[in-house]
There are 2 protein chains.
Amino acid sequence: MTDAAVPPPPSKGERTKERIVAAALELFRAHGYEATTMRMVAEAAGVSLGNAYYYFENKDLLLAAFYREVHEAHLAAARPRLARKRALADRLSAVMTAKLEVIEPYHRFSALMFRSAADPESPLNPFHPAGADIAREGEQLFAEALTGSSTRVPSDLAAELPGLLWTYSMGIVLYWIHDRSPGRRKTHALVDRTVEMIASAIKLASNPLLRPFRKKVVELVRDLRFPTEV
Amino acid sequence: MTDAAVPPPPSKGERTKERIVAAALELFRAHGYEATTMRMVAEAAGVSLGNAYYYFENKDLLLAAFYREVHEAHLAAARPRLARKRALADRLSAVMTAKLEVIEPYHRFSALMFRSAADPESPLNPFHPAGADIAREGEQLFAEALTGSSTRVPSDLAAELPGLLWTYSMGIVLYWIHDRSPGRRKTHALVDRTVEMIASAIKLASNPLLRPFRKKVVELVRDLRFPTEV
DNA sequence: GGTTGGAGTTGAACATGTTCAACAACGGTC
DNA sequence: GACCGTTGTTGAACATGTTCAACTCCAACC
């Protein structure tokens, strides 16, 4: 019974959509986002301009498709590395390094990802329905990095850490966008050093003596984590 | 001798530019950024479309002019409040509250400020020459908040704090952009609580016992503060 | 086989940011 | 006052994201 595993054959529309995405990703890679016009995408996909808009309401949604692809690549790159590490700092480092490596080819136009991520209207924004999946999966990855590590974390903190770490990773990406150093040396240095600090801070915060302080921070995060809620 | 204080009379061009800015700000306020077209701005300013582009290379630069106006308003609102506070937490709170009040009328399109701020190419980005002034003045304001307070801060830390606090304020603004709660309650709550935590952390970090740890953090910040440097 | 309704597709049209060659106004110089 | 270079100004043209009414294709149904 392999029925459940066999996806239905792609419809004509699905194949067309796939062609459009592929064309767009290739053009983005080659020319960047702004320089890639919808007409170029349509032509490269062997499709009319209007047809591209039949599948993607606007250009941003093509970017969202691209973003998802990058995200999948990150997951695929990070998980095998996690399997080889125990120490928390190493595991966090594995996740972040995988991220930096995956996004490196797109440095020249990755600012776009970020601008969209900061825009409440954009499908890339983690609070937007269309972008929520990626954020959730990103947090999930950090959750795996935590649970698989040799470090024990109190449960109240453990509940909030994945979200915090995901936010941290967004901050790193923002730094990386502006990083002009060769080989993105500064971003890697920042990751190396902050990852150590975070691991230390987590161990410290797990100390029973610090429970009251920890509670206060966890409460703050829990209360205010979702600005979009009322 | 009041010569130095008397600015030269505005040239024709300066007056035209002023009219364009004024028209743009009013239209932004009324309709938001995207919905305001350059043609609308030109017409409202009583000027041809091409002429608007003579003064502002692109629409983003009009947004930059708007951003500067908001920034000036923030400085003007924050400084008198600082004069009435001594405690560090109160002073930080004064600066942040002034900021939130000043930007509140523009909540609907303020995401634009942020997207531009995150974009290395944009004039709003603090690492971009055109946006650097605003960032510097923002840090300066935090420097005033610090030096005027009753709290003593070790000099190594004092050198880095304004920049860190400015970064913190950007984070608050990012949160505020997504805040849908009535009266922006959640953002205010976040400010209230984080400002306390920051003041406590600064006092804690000033403790001589923590000098090694503080040195480590200060060094990290100093080394990596400017991603755009090589 | 004909009909029908939805999915897929097209090209033209539109709105808007941006550019540009040409023109006008102005201020200084002789 | 005539000349001239700089500053200011214009409207048309262009590129590109987006929309839309019309068309084709195709599978399901009678």
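Letters A, B, ... mirror the listed sequences (proteins, then strands); counts begin at 1. The figures here come from the full heavy-atom set of this structure, side chains too, leaving out hydrogens, waters and symmetry mates. The structure displayed is predicted, hence computed values, not measured ones.
- Spacing between atom CG of Leu63(A) and atom P of dG17(D) amounts to 13 Å, rounded to whole angstrom units.
- Comparing Val47(B) and Glu57(A) along DNA chain D, the residue whose closest nucleotide (by nearest heavy atom) sits nearer the 5' end is Val47(B).
- Checking dT18(C), dG17(D), dT10(D) against every side-chain atom of Met38(A), the shortest atom distance belongs to dG17(D).
- Rounded to whole Å, atom C1' of dT16(D) lies 8 Å from atom NZ of Lys59(A).
- In this structure, Glu14(B) does not pair ionically with Arg19(B), as no charged nitrogen and carboxylate oxygen lie closer than 4.0 Å.
- Between dT18(C) and Tyr53(B), a contact under 4.0 Å exists linking OP1 or OP2 to a side-chain N or O.
- If you take CD of Glu34(A) and P of dG17(C), they are 15 Å apart, rounded to a whole angstrom.
- In this structure, the NE2 atom of His31(B) is 12 Å from the P atom of dT16(C), given to the nearest Å.
- Under a 4.0 Å N-O distance rule, the pair Arg185(B)/Glu229(A) does not qualify as a salt bridge.
- For Asn51(B), counting side-chain heavy atoms from C-beta on, the closest listed nucleotide (dT18(D), dT18(C), dG8(D)) is dG8(D).
- Closest approach to the Thr37(A) side chain among dT18(D), dT18(C), dT16(D) is made by dT16(D) (side chain taken as heavy atoms from C-beta onward).
- As a whole-Å value, the separation of Asn58(B) CG from dT16(C) C1' is 14 Å.
- Contact annotation: Thr16(A) side-chain N/O to dT9(C) OP1/OP2 distance is under 4.0 Å.
- Applying the 6.0 Å contact sphere to CD of Glu72(A) captures more than 12 heavy atoms from other residues, nucleotides or ligands.
- Straight-line distance from the CD atom of Glu14(B) to the P atom of dG8(D): 8 Å, rounded to whole Å.
- For the pair Tyr54(B) and dT10(D), the criterion of a side-chain N or O lying under 4.0 Å from OP1 or OP2 is not met.
- Rounded to whole Å, the distance from CZ on Arg39(A) to P on dG17(D) is 7 Å.
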Original post:
So Asp60(B) and Tyr33(B), side-chain hydrogen bond (donor to acceptor under 3.5 Å, both in side chains) or not? Walk me through it.
Top reply: CA-CA 10 Å; Asp60(B) 269 14; Tyr33(B) 180 75; 2.9 Å; yes

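- Summary of the strand contacts: Tyr55(B) and Thr36(A) both lie near DNA chain D, and taking for each the nucleotide with the nearest heavy atom, the more 5' one is attributed to Tyr55(B).
- Of the charged side-chain nitrogens involved, none lies within less than 4.0 Å of a carboxylate oxygen, so that Arg91(A) and Glu144(A) do not count as a salt-bridged pair.
- Rounded to whole Å, atom P of dC26(C) lies 10 Å from atom CZ of Arg15(B).
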